[in-house]
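Along the sequence shown, residues are numbered consecutively beginning with 1. Each ligand, and each atom within it, is numbered from 1 in the order the structure gives.
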Amino acid sequence: MELLRPSLLLTVSLSLLQLVSAQTSTDSAEVDALNKLIDYWNLRSKINLTTIDPCTRNASWASENANPRVACDCTSNSCHITHLKIYALDIMGELPSELFMLRKLMDLNLGQNVLNGSIPAEIGQLSNMQYLSLGINNFTGRVPTELGNLTKLISLSFSSNNFFGPLPKELGKLTSLQQLYIDSSGVTGSIPQEFANLKSLRILWASDNLFTGKIPEFFGTLTELADLRLQGTLLEGPIPRSFRALNKLEDLRIGDLSAEDSTLDFLESQKSLSILSLRNCRVSGKIPDQLGTFAKLQLLDLSFNKLTGQIPTSLQDLSTLQYLYLGNNNLSGELPVNIIAPNLIALDVSYNPLSGNLPRNFAKGGLSMNVIGSSINANNLQDGKALGMMQCLHSNTKCSNKVPSSSFSIKCGGTQIASASGIEFDDDSKTLEAASFYTSSGNRWAVSNTGNFISNPNGPLYIAQTDSQITGTLDSELYKTARISPSSLRYYGLGLENGKYRIDLHFAEITMEDSLSWKGLGRRVFDVYIQGERVLRDLNIKKEAGGSKRALVKTFEANVTNTIIEIHFFWAGKGTCCIPFQGTYGPLVSAIHASQVSTGNGSSKGDKKHVGKIVGITVGCAAALVIISSVFYLWWTKDSSSHIRIFTDSPKQNLVR
Ligand SMILES: *[C@@H]1O[C@H](CO)[C@@H](O)[C@H](O)[C@H]1NC(C)=O
Ligand SMILES: *[C@@H]1O[C@H](CO)[C@@H](O)[C@H](O)[C@H]1NC(C)=O
Ligand SMILES: *[C@@H]1O[C@H](CO)[C@@H](O)[C@H](O)[C@H]1NC(C)=O
Ligand SMILES: *[C@@H]1O[C@H](CO)[C@@H](O)[C@H](O)[C@H]1NC(C)=O
Ligand SMILES: *[C@@H]1O[C@H](CO)[C@@H](O)[C@H](O)[C@H]1NC(C)=O
Ligand SMILES: *[C@@H]1O[C@H](CO)[C@@H](O)[C@H](O)[C@H]1NC(C)=O
Ligand SMILES: *[C@@H]1O[C@H](CO)[C@@H](O)[C@H](O)[C@H]1NC(C)=O
Ligand SMILES: *[C@@H]1O[C@H](CO)[C@@H](O)[C@H](O)[C@H]1NC(C)=O
């Protein structure tokens with residue numbers, strides 16, 4: 001499609017303009033500009049201005065829910081266009097200069113399109129602007145300093161774009177700003193000190209940007225903050241003590257901090273919190289008793305930290321709590337007896353040196369629980385509903401696999417299938433839950449998931465699927481389903497002969513599109529660990545495979561010294577959150593194949609048929625792969641009550657940084 005360049009939009013519909021302005025008092029320069037915008041963005045069939053004034057109150061495009069929408073203010077002698085919404089209609093091209101003729105605009109929503117180019121400095125002329133949304137587009141260039149001139153702004157969004165360079169310090173002039181959405185926008189560098197002036201700020205979404213430096217101390221002075229998201233940046237800890245003043249917080253998500261440790265000492269007065277996620281933040285020290293007074297908490301995620309001490313019994317007072325994630329810490333002692341509150345849906349205490357017995361009501365309906373990697377005595381489990389790992393824990397004969405195997409193959413999220421090269425991939429279509437663990441029949445392998453898609457509670461349950469063909473492979477079917485996870489997805493090969501293994505990880509992006517629509521603007525980014533070592537950092541399947549619905553195979557080597565292979569897919573807070581729908585982020589994997597290789601000449605012992613025919617094989621950083629086998633010690637003992645205990649000898653809290 002040939003689009004008009006902004007500079008060529010001059011003489012369109014001059015006679016039309018005269019007709020319209022003769023009938024009404026709408027500012028003729030604005031009508032003219034609007035007509036040109038409509039042509040430029042190809043919206044002529046959606047806003048038909050041929051016969052009537054754009055400010056006609058009962059026009060179809062004037063109603064509050066219309067899209068596109070044009071609305072005006074006619075209180076003075078002439079009408080002025082104050083509202084323009086062109087939302088999720090895939091308009092393409094740049095911001096033409098005619099847009100800046102609409103001087104009285106106070107609400108401009110161009111979100112979810114594929115607009116490109118940079119934001120012109122003239123944006124600073126729209127000084128009446130209160131609500132400006134440019135989020136989910138393909139804009140590039142620097143964020144213009146002139147945005148700082150729009151001092152009436154109440155809400156500003158330019159999230160999910162391809163900007164570069166720093167956040168302009170001029171944005172600190174926007175003292176009326178209540179909502180600022182800049183997540184995944186591409187900005188880098190430090191968060192300007194001038195943001196300390198944004199005293200009206202209630203919502204700040206800033207995740208997935210390459211911010212550097214420490215989390216600013218001044219955030220603690222933005223006391224109106226109710227919703228703060230800062231995951232997947234390069235920011236360094238600690239979380240400042242000043243955060244204790246943020247007593248209006250309802251949703252706090254900080255993640256993936258580096259450098260210094262944080263503590264939870266700042267959690268004192270945030271009693272309105274319903275979501276508190278401080279995942280992968282190097283948080284050390286104890287979980288404060290005080291948390292038990294945060295009576296509105298629904299989700300508490302303190303996983304992948306360095307917390308020590310006991311889980312405070314006060315947490316059992318959180319009657320509204322639904323999701324409790326404490327995995328991958330150094331928490332010891334026993335689980336509080338009443339930790340399973342009536343509303344609890346998921347409890348993950350995996351990978352902690354916890355001991356003792358399961359809480360009394362562990363078999364409560366609707367609860368999913370994960371205690372793997374702890375020393376919690378789980379031999380009294382009655383049914384698999386309460387805990388998927390029961391199967392293995394109950395019958396050590398199966399678990400210990402009398403005949404060790406030398407390979408395993410998993411069709412993640414799908415049913416059994418044979419590949420073109422003859423590998424049988426096992427069924428892995430079982431529905432997982434927010435803290436669940438499932439072992440395959442024959443206990444050849446297991447899978448565990450932690451986390452829930454907070455913004456999409458009714459979305460797909462940890463499985464993605466497509467009907468489309470997958471290219472770049474002979475095994476299209478292998479990629480039509482995948483496991484997905486909002487946090488942490490682990491696969492374990494069980495009962496393996498010790499030795500050297502080759503591991504093929506099969507990926508294809510099947511949720512994010514690569515169309516020319518805004519739906520093609522998403523980025524999924526995650527990390528992969530094998531035997532505790534990070535083998536892939538910031539994997540973006542779509543980018544590396546050269547598009548979505550294209551196969552990508554990554555091959556690694558691993559040493560097995562304790563009959564187990566652990567493959568961990570981990571979200572480190574990066575990538576877009578919500579393209580093409582809410583909760584589209586985190587790891588995705590289509591299939592896994594591992595087989596022993598005989599030392600010496602490298603031929604496959606596990607399955608001789610496998611010859612790596614699949615295109616696109618990348619042998620990933622084998623040199624950088626130093627498996628520290630002693631870190632993860634999965635120990636199976638037959639004891640008198642004939643159950644199996646699974647625990648780590650040293651918790652893996654240093655695994656993810
Ligand atoms: C716009 O409206 C006029 C008059 O109602 C009509 O004749 C014309 O076909 C319409 N144009 C489009 C593109 O819908
Ligand atoms: C708007 O309403 C007026 C009278 O209330 C009517 O004359 C006119 O035709 C309407 N216009 C449209 C586009 O519905
Ligand atoms: C914007 O996109 C259009 C087509 O969608 C393309 O022709 C144009 O070159 C792009 N402009 C920039 C600055 O990338
Ligand atoms: C708009 O912003 C620019 C850059 O921040 C500044 O130089 C200019 O004086 C401002 N203009 C107005 C009218 O405030
Ligand atoms: C875990 O906590 C214990 C004290 O409970 C401490 O001795 C140990 O060093 C901690 N481990 C790590 C890896 O921090
Ligand atoms: C976004 O812009 C980039 C170039 O900057 C282009 O390669 C890509 O195709 C664009 N995406 C869409 C969905 O238009
Ligand atoms: C590699 O080992 C296999 C069996 O283990 C053997 O058949 C083959 O000849 C060996 N190849 C080389 C190059 O040594
Ligand atoms: C496996 O162990 C061998 C020898 O013990 C070592 O040379 C090799 O680097 C290890 N491979 C990996 C992937 O850690």
Under 4.0 Å, heavy atoms only, figure out whether ligand 6 is touched by the backbone of Leu521, its side chain, both or neither. side chain

In this structure, is the centre-to-centre distance between the rings of Phe507 and Tyr479 below 6.0 Å? no

Of Asn330, Leu307, Leu331, the one whose closest heavy atom lies nearest atom 10 (C) of ligand 5 is Asn330

Quick check with a 6.0 Å cut-off and a 45 degree axis cone: is Arg279 positioned over the face of Phe570's six-membered ring? yes

I'd like to know if Lys214 and Glu260 make a salt bridge, using a cut-off of under 4.0 Å between side-chain N and carboxylate O. yes

Under 3.5 Å side-chain donor-acceptor pair for Ser332 and Asn352: no

Nearest heavy atom to atom 1 (C) of ligand 3: which of Ile91, Asn116, Leu115, Val114 does it belong to? Asn116

Identify whether NZ of Lys or CZ of Arg in Arg229 sits under 6.0 Å from the centre of the six-membered ring of Trp205 and within 45° of that ring's axis. yes

Measure from atom 14 (O) of ligand 6 to the protein's non-hydrogen atoms and state whether any distance is below 4.0 Å. yes

Would you indicate which of Asp90, Asn138, Asn137 comes nearest to atom 8 (C) of ligand 6 when only heavy atoms are counted? Asn138

Output yes when Asp90 and Lys519 qualify as a salt bridge under the 4.0 Å nitrogen-oxygen rule, no when they do not. no

Using protein heavy atoms only, decide if any is under 4.0 Å from atom 5 (O) of ligand 6. no

Short N/O distance, under 3.5 Å, between Asn162 and ligand 6? no

Taking only heavy atoms of Ser515 into account, list the atoms of ligand 6 that are under 4.0 Å away from them. 13 (C)

Number the atoms of ligand 3 from 1 as they appear, then name those within less than 4.0 Å of a heavy atom of Glu94, with their elements. 11 (N), 13 (C)

Just to verify, which of Asp261, Asn305, Thr263 counts as forming a side chain to side chain donor-acceptor pair (under 3.5 Å) with Arg282? Asp261

